[in-house]
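A short worksheet on the structure shown next.
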Amino acid sequence: MALYEHTFLARQDLAQAQVDALAEAATKIVEDKGGKVVKTETWGLRSLAYRIAKNRKAHYVMLEIDAPGDTVAELERQAGINEDIIRYMTVKVEEHEAGPTVMMRKQERDRERRSERGERGGDRPDRGDRGDRGPRRDAQEEAA
């Protein structure tokens with residue numbers, strides 16, 4: 001059997017439980033056809049580079065699959081029919097990545113950086129009261 005990574009994007013207005021149900025449905029399709037889902041990763045709700053079917057964000061889910069080619073064809077057929085899935089992509093790989101994928105490591109790294117800075121960029125200096133700024137610089141030059 002061949003190794004695949006199947007990633008799909010679900011509509012932004014779905015609840016997380018519905019996204020999990022889509023992942024379970026994909027897993028069931030693979031297992032019914034004699035394949036095996038090695039790992040499932042939910043990358044969360046992320047912004048899209050451009051709008052797809054009026055969606056600016058999407059729920060990303062990645063499945064690592066060990067299955068024959070006809071199983072992948074059926075999985076892609078079902079993804080194309082489902083209205084909740086706005087995009088999908090399946091890639092054949094030589095081997096599955098050990099441990100978390102790059103996307104999961106990036107999310108962990110970003111979370112750690114935010115916690116080090118505090119809530120809102122803790123290393124910024126205090127700007128004080130910004131209401132009284134004084135005369136504008138170009139007004140000062142005209143007076144001189």
Side-chain angles (χ1 to χ4, degrees), residues 1-140:
M1 287 195 279
L3 302 175
Y4 298 93
E5 288 183 359
H6 176 76
T7 305
F8 66 87
L9 281 63
R11 292 182 323 173
Q12 65 186 0
D13 59 342
L14 296 179
Q16 187 60 45
Q18 291 171 306
V19 175
D20 293 340
L22 288 172
E24 288 174 20
T27 301
K28 186 176 183 325
I29 291 168
V30 171
E31 290 174 350
D32 288 349
K33 292 284 191 175
K36 182 173 76 170
V37 175
V38 179
K39 180 171 49 172
T40 303
E41 283 187 358
T42 303
W43 296 341
L45 185 66
R46 304 179 59 85
S47 295
L48 298 172
Y50 54 89
R51 286 198 318 187
I52 302 172
K54 299 183 182 177
N55 290 286
R56 293 186 181 276
K57 294 184 175 195
H59 293 274
Y60 284 65
V61 179
M62 193 269 303
L63 306 170
E64 289 185 351
I65 300 170
D66 184 6
D70 62 333
T71 302
V72 174
E74 176 63 17
L75 181 63
E76 289 183 342
R77 186 183 77 79
Q78 293 289 337
I81 292 171
N82 195 330
E83 293 178 357
D84 292 335
I85 297 176
I86 56 176
R87 286 285 191 277
Y88 63 88
M89 181 173 69
T90 307
V91 179
K92 187 173 183 178
V93 294
E94 294 294 320
E95 62 183 80
H96 289 303
E97 201 171 324
T101 59
V102 173
M103 292 295 289
M104 295 301 284
R105 290 193 302 257
K106 181 181 181 295
Q107 287 176 353
E108 284 295 317
R109 188 176 63 239
D110 292 346
R111 219 175 283 132
E112 288 174 7
R113 286 182 182 165
R114 266 188 253 121
S115 66
E116 287 173 4
R117 281 193 310 220
E119 277 297 308
R120 299 190 38 90
D123 55 346
R124 289 186 192 172
D126 184 24
R127 292 184 171 188
D129 182 22
R130 297 177 64 180
D132 180 28
R133 295 184 182 190
R136 290 190 348 224
R137 182 170 283 175
D138 57 344
Q140 290 173 347

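Heavy-atom basis, side chains included; hydrogens, waters and symmetry copies ignored.
- The side-chain hydrogen bond (donor to acceptor under 3.5 Å, both in side chains) check on Lys36 picks up nothing, with sequence neighbours excluded.
- Residues satisfying the side-chain hydrogen bond (donor to acceptor under 3.5 Å, both in side chains) criterion with Asp20, sequence neighbours excluded, are Gln16.
- Under a cut-off of 6.0 angstrom, the local environment of CE in Met1 is crowded, with over 12 non-hydrogen atoms contributed by other residues, nucleotides or ligands.
- Of the possible donor and acceptor atoms, none in the side chain of Asn82 sits under 3.5 Å from a partner among the backbone N and O of Ala79.
- To the nearest 0.5 Å, atom OG1 of residue Thr7 and atom CD of residue Glu41 are 9.5 Å apart.
- Across every non-hydrogen atom of Met62 and Trp43, the tightest pair is CB-CZ2, 3.6 Å.
- Within the 4.5 Å cutoff, the side chain of Leu63 has no heavy atoms near those of the Val38 side chain.
- Smallest separation of non-hydrogen atoms from Tyr4 and Val93: N-CG2, 4.2 Å.
- Side-chain atoms of Asp32 never come within 3.5 Å of backbone atoms of Val30 as a donor-acceptor pair (strictly under, hydrogens ignored).
- The heavy-atom pair separating Gly35 from Ala67 by the smallest distance is CA-CB, 3.8 Å.
- Shown here is Lys28, whose NZ atom has no more than 12 heavy atoms of other residues, nucleotides or ligands within 6.0 Å.
- Side-chain atoms of Gln78 do not come within 3.5 Å of backbone N or O of Leu75 as any donor-acceptor pair.
- Heavy atoms only, all atoms of each residue included: Thr90 and His6 are closest at OG1-ND1, 2.7 Å.
- With values rounded to the nearest 0.5 angstrom, Leu48 atom CG is found 5.5 Å from Ile86 atom CD1.
- A salt bridge is defined here as a Lys NZ or Arg NE, NH1 or NH2 lying under 4.0 Å from an Asp or Glu carboxylate O, and Glu31 with Lys33 fails to meet this definition.
- Looking at heavy atoms from C-beta onward, Arg87 lies in side-chain contact with Ile52 at the 4.5 angstrom threshold.
- Glu5 and Glu64 make their closest contact through OE2-OE2, 4.0 Å (heavy atoms, listed as atom of the first residue, atom of the second, distance).
- Partners of Glu76 under the salt bridge (charged side-chain N to carboxylate O under 4.0 Å, His left out) rule, at least two apart in sequence or in another chain, do not exist in this structure.
- Distance check: Glu74 CD to Ile29 CD1 gives 6.0 Å after rounding to the nearest 0.5 Å.
- The shortest heavy-atom contact between His59 and Gln12 is NE2-O, 3.7 Å.
- Leu9 CG to Asp84 CG: the interatomic distance, rounded to the nearest 0.5 Å, is 12.5 Å.
- Counting heavy atoms from C-beta on, the side chains of Leu22 and Phe8 come closer than 4.5 Å.
- Using modelled atom types, one side-chain atom of Thr27 and one backbone atom of Ala23 make a donor-acceptor pair closer than 3.5 Å.
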